[in-house]
Novice: 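Before I ask anything, here is the structure I am working with.
All values below were derived from every heavy atom in this structure, side-chain atoms included, with hydrogens, water molecules and symmetry-related copies excluded. Owing to the predicted nature of the structure, the values given are computational and were not obtained by experimental measurement.
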Amino acid sequence: MARPREFDVDDALNGALQIFWTKGYEGTGITDLLNAMKIARGSLYKAFGDKKGLFIAALKQYETSCVDPGVELLQSNKIPDGTMRIQMLFDTVILAVENDNDRRGCFLCNTAVDQAPHDTEISKICQQMMEKMVEGFYCALKDIADQSDKEDKILRSRAMSLNVAYNGLRVMAKAGYPPSDIKDASNRTLIEFGLL
């Protein structure tokens with residue numbers, strides 16, 4: 001009979017996510033992970049296989065806790081104005097810096113730059129998560145497009161560009177730009193897209 005796990009997987013994954021997000025894959029050691037997850041070495045390997053397996057699980061935890069809520073905001077029918085939904089998502093970047101001094105950037109963006117170029121499995125996961133965001137922007141744009149502008153190809157291209165701009169704001173936060181500069185960049189993007 002298999003012994004039940006002696007730790008909460010979600011709590012442990014959140015601990016791993018936070019340390020990977022702060023220190024990066026290469027900068028995070030097994031001891032860092034064990035301390036952050038509050039589990040024993042054997043439990044880590046039994047539950048996740050190895051460091052890479054744990055990293056992928058943490059990346060998927062980020063998808064659930066951060067990417068999916070962003071996509072839900074962009075697609076929300078509770079906020080009928082697609083323009084407002086996009087503005088609200090962009091504002092989350094500024095608020096994270098202003099309210100919490102959160103300079104970690106986006107874990108997905110960090111992973112796409114740091115690990116995806118060297119690992120096809122991680123690259124594929126990053127692309128799937130970014131496609132979710134593009135689909136969210138597409139949904140918001142579709143809700144505000146004129147009938148004549150509803151050409152799918154154009155809207156999808158604009159959605160991709162908005163996702164690139166959003167990721168750029170997250171990188172600015174990580175790079176240490178002041179909130180006022182991030183806000184200016186956000187406003188310029190929204191103006192260029194006719195959303196402000």
Side-chain angles (χ1 to χ4, degrees), residues 13-28 36 55-76 79 82-119 122-141 155-196:
L13 271 177
N14 189 52
L17 169 60
Q18 298 308 317
I19 199 76
F20 278 132
W21 197 352
T22 302
K23 298 180 92 173
Y25 183 82
E26 299 299 334
T28 301
F55 184 81
I56 289 172
L59 184 58
K60 290 182 178 178
Q61 177 89 345
Y62 181 79
E63 179 177 15
T64 301
S65 62
C66 295
V67 174
D68 289 349
V71 173
E72 286 169 18
L73 169 62
L74 289 169
Q75 296 177 337
S76 175
I79 306 166
T83 299
M84 184 179 289
R85 297 192 311 253
I86 293 168
Q87 289 172 351
M88 289 171 69
L89 183 68
F90 275 39
D91 285 347
T92 63
V93 180
I94 298 136
L95 293 173
V97 175
E98 284 180 338
N99 296 344
D100 303 322
N101 198 30
D102 186 345
R103 295 294 186 166
R104 296 173 300 169
C106 168
F107 186 58
L108 170 57
C109 295
N110 298 350
T111 301
V113 170
D114 184 44
Q115 292 301 305
H118 316 291
D119 188 299
I122 291 174
S123 175
K124 190 173 189 177
I125 293 167
C126 287
Q127 289 176 36
Q128 289 169 345
M129 289 168 66
M130 287 190 182
E131 275 303 311
K132 271 187 168 182
M133 289 299 297
V134 170
E135 192 61 32
F137 280 114
Y138 170 77
C139 181
L141 288 171
L155 288 181
R156 290 202 181 275
S157 176
R158 287 172 55 86
M160 179 69 80
S161 296
L162 278 169
N163 189 52
V164 168
Y166 173 71
N167 290 334
L169 296 176
R170 301 295 299 263
V171 170
M172 287 179 73
K174 185 173 178 78
Y177 279 85
S180 58
D181 287 358
I182 300 169
K183 181 72 171 171
D184 286 347
S186 173
N187 287 343
R188 281 194 306 273
T189 300
L190 294 170
I191 288 167
E192 286 171 14
F193 276 84
L195 301 172
L196 192 64

Novice: Is it the case that over 12 heavy atoms from other parts of the model lie below 6.0 angstrom from the OH atom of Tyr25?
Specialist: yes
Novice: Looking only at atom types and distance, does a side-chain atom of Asn101 sit under 3.5 Å from a main-chain N or O of Arg103, one as donor and one as acceptor?
Specialist: no
Novice: Enumerate the residue pairs fulfilling ring pair (Phe, Tyr, Trp, His ring centres under 6.0 Å) with a member in residues 57-76, sequence neighbours excluded, ordered by first and then second residue.
Specialist: Trp21-Tyr62, Tyr62-Phe107
Novice: By side chain to side chain contact (heavy atoms under 4.5 Å, CB included), which residues pair with Gln87, not counting sequence neighbours?
Specialist: Thr83, Leu190, Leu196
Novice: Does atom NZ of Lys174 have more than 12 heavy-atom neighbours from other groups under 6.0 Å away?
Specialist: yes
Novice: Is there a donor-acceptor contact under 3.5 Å from the side chain of Asn163 to the main chain of Ala159?
Specialist: no
Novice: Test side chain to side chain contact (heavy atoms under 4.5 Å, CB included) on Thr111 and Phe55; report intermediate values, then the result.
Specialist: CA-CA 10 Å; Thr111 301; Phe55 184 81; 3.5 Å; yes
Novice: When you measure from the side chain of Ser161 to the backbone of Ser157, do you find a donor-acceptor pair of N or O atoms at a distance under 3.5 Å?
Specialist: yes
Novice: Hey, is CE on Met130 packed in by over 12 heavy atoms from elsewhere, all under 6.0 Å?
Specialist: yes
Novice: Could you work out, with side chain to side chain contact (heavy atoms under 4.5 Å, CB included) as the rule, every residue matching Ser123, not counting sequence neighbours?
Specialist: Ala116, Gln127
Novice: What verdict does the side chain to side chain contact (heavy atoms under 4.5 Å, CB included) test give for Leu59 and Met129, after you've listed the backbone C-alpha separation in whole Å, the side-chain angles of each residue and the deciding distance to 0.1 Å?
Specialist: CA-CA 10 Å; Leu59 184 58; Met129 289 168 66; 4.0 Å; yes
Novice: Within the distance-only criterion (no hydrogens, no angle test), does the side chain of Thr92 pair as donor or acceptor with the backbone N or O of Leu89 below 3.5 angstrom?
Specialist: yes
